[in-house]
Amino acid sequence: MDKQAFSRRDMVQLLGVGSIASAVLPTAACAADQPKRKLGYAIVGLGSYATRQIMPRIKECEFARLTALVSGTPEKLERYGSEYNIPRTHRYSYAEYDRIRDNPDIDLVYVILPNSMHAEYSIRASQAGKHVLCEKPMAVSAAECEAMIAAARKANRKLMIGYRSRFEAHNRHAIELVRSGFAGTPALITAEHGFNAQPNQWRLDKPMSGGGSLMDIGIYSLNAARYLAGEEPAEISAMEYTDRSDPRFRTVEDRIDWQMRFPSGLIANCVSRYTSNHNAYRVTGDKGWVGLEPATSYAGQQMWVRANGKTEQRFVPALPKNQFVGQLDHFAECAMSGREPLVPGEEGLRDLRLIEAIYRSAREHRAVKLA
Ligand code: NAD
């Protein structure tokens with residue numbers, strides 16, 4: 001064996017050992033810093049959002065893992081149970097749901113069901129002693145939201161709503177910029193959300209959805225206007241237009257737009273549609289503006305700002321955790337530490353009260369003053 005060949009092999013071996021060591025060491029160091037146990041999530045409802053967006057990301061969580069599944073479809077329990085290594089003892093039908101109480105591997109329950117089922121399944125999870133993360137809209141009425149908050153409080157467990165944009169880098173930066181006075185004193189918010197609704201789905205069936213585009217997608221315009229404003233509206237005025245001859249809109253609304261006047265004088269113009277695509281917002285002040293488009297999508301947010309007479313795109317660095325992982329981990333951390341979630345049940349309740357006021361205003365063709 002010549003010296004050069006040996007040294008080359010030697011070097012390759014050294015490099016190999018070195019690269020393994022560098023791959024292992026940081027992980028070991030992180031593991032030592034981590035809490036002893038990751039909290040376990042049970043996912044309730046194995047539909048599109050749960051299986052495509054949430055479940056694949058739980059493995060990226062620092063403080064949580066997927067430990068149980070709840071579904072009315074045995075084939076889904078079998079398929080996703082095998083895919084995610086969930087033991088049969090941790091797969092539940094809806095009839096068996098209350099037995100989650102006896103499973104110590106379930107700390108957190110994430111309710112991702114049609115809107116009209118949110119209240120019942122959240123309340124039963126609280127009664128089973130679990131912390132509850134519930135999808136938006138929190139429920140189909142403010143009264144249901146109040147019952148969910150009361151149940152979580154009685155069980156001394158946390159309740160959070162799936163407002164994922166609050167964990168997204170561009171949205172967080174937009175809030176910071178607006179609060180810092182970058183655009184001056186905010187005078188106008190425009191917020192537009194909509195998509196073309198596919199026929200034959202529970203979203204178009206009012207008893208299941210609680211309402212049309214507003215409950216589903218317009219709620220992003222509403223929630224964004226509130227987190228950008230940093231204050232609560234004093235008055236709402238809404239207008240609806242729905243083509244009732246379109247079979248999709250027999251029971252739910254298509255277009256509903258509304259204005260909100262805030263105590264500071266700031267006015268928000270909000271759009272909600274089931275027949276056209278929108279995903280944008282802008283906050284304009286006396287010195288400039290801050291805008292996102294898309295604003296609340298699953299990925300690909302872009303920000304433009306205007307100040308000193310110049311409009312430019314602003315590149316926002318990614319956060320260490322994407323919005324899905326950030327939300328899941330934040331809730332697990334809150335459950336562990338006892339800290340109040342960034343978007344607790346009360347935040348969902350505020351939106352539902354305003355949604356009820358928007359519907360009332362559109363129905364009665366008058367502005368609704370808010371207490
Ligand atoms: P989906 O129709 O894909 O899934 C709903 C699930 O509920 C299905 O697995 C379905 O089998 C189950 N289900 C149980 N009982 C049912 C019944 N009686 N009728 C119909 N379905 C029933 O819907 P999705 O898009 O996953 O939405 C679920 C929830 O998640 C909704 O509240 C929605 O607003 C919310 N969501 C949130 C986001 C977000 O970005 N935060 C995105 C999509 C959906």
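Ligands are counted one by one from 1 in listed order, and the atoms in each one are counted from 1 as well.
Which of Met138, Met117, Lys76, Arg164 comes nearest to atom 15 (N) of ligand 1 through a heavy atom is settled by distance: it is Met117.
Residue Met215 places no heavy atom under 4.0 Å from ligand 1. Every heavy atom of Tyr163 sits 4.0 Å or more from the atoms of ligand 1. Residue contact annotation: Tyr220 has a non-hydrogen atom under 4.0 Å from ligand 1.
With hydrogens and angles disregarded, no donor-acceptor distance shorter than 3.5 Å links the side chain of Lys287 to the backbone of Thr185.
Qualifying side-chain contact (heavy atoms from CB on, under 4.5 Å) partners for Glu293, counting only residues two or more places apart in sequence or in other chains: Ala280. Residues passing the side-chain contact (heavy atoms from CB on, under 4.5 Å) test with Arg52, sequence neighbours excluded: Ser48.
Looking from atom 22 (C) of ligand 1 to the surrounding protein, the closest heavy atom is Pro114 CG, 3.6 Å. Scanning all protein heavy atoms for the shortest distance to atom 19 (N) of ligand 1 gives Met208 CE, 3.4 Å. In this structure, atom 2 (O) of ligand 1 lies nearest to the protein heavy atom Trp202 NE1, 2.8 Å. Among protein heavy atoms, atom 37 (C) of ligand 1 sits closest to Glu135 OE1, 3.1 Å. What sits closest to atom 27 (O) of ligand 1 on the protein, heavy atoms only, is Arg203 NH2, 3.5 Å.
Aromatic ring orientation, Tyr94 versus Tyr121: perpendicular (interplanar angle above 60°, classes split at 30° and 60°).
Remark: aromatic rings of Phe324 and Tyr298 are close, center separation under 6.0 Å.
Considering both main-chain and side-chain atoms, Gly45 never comes within under 3.5 Å of ligand 1 through any nitrogen or oxygen pair.
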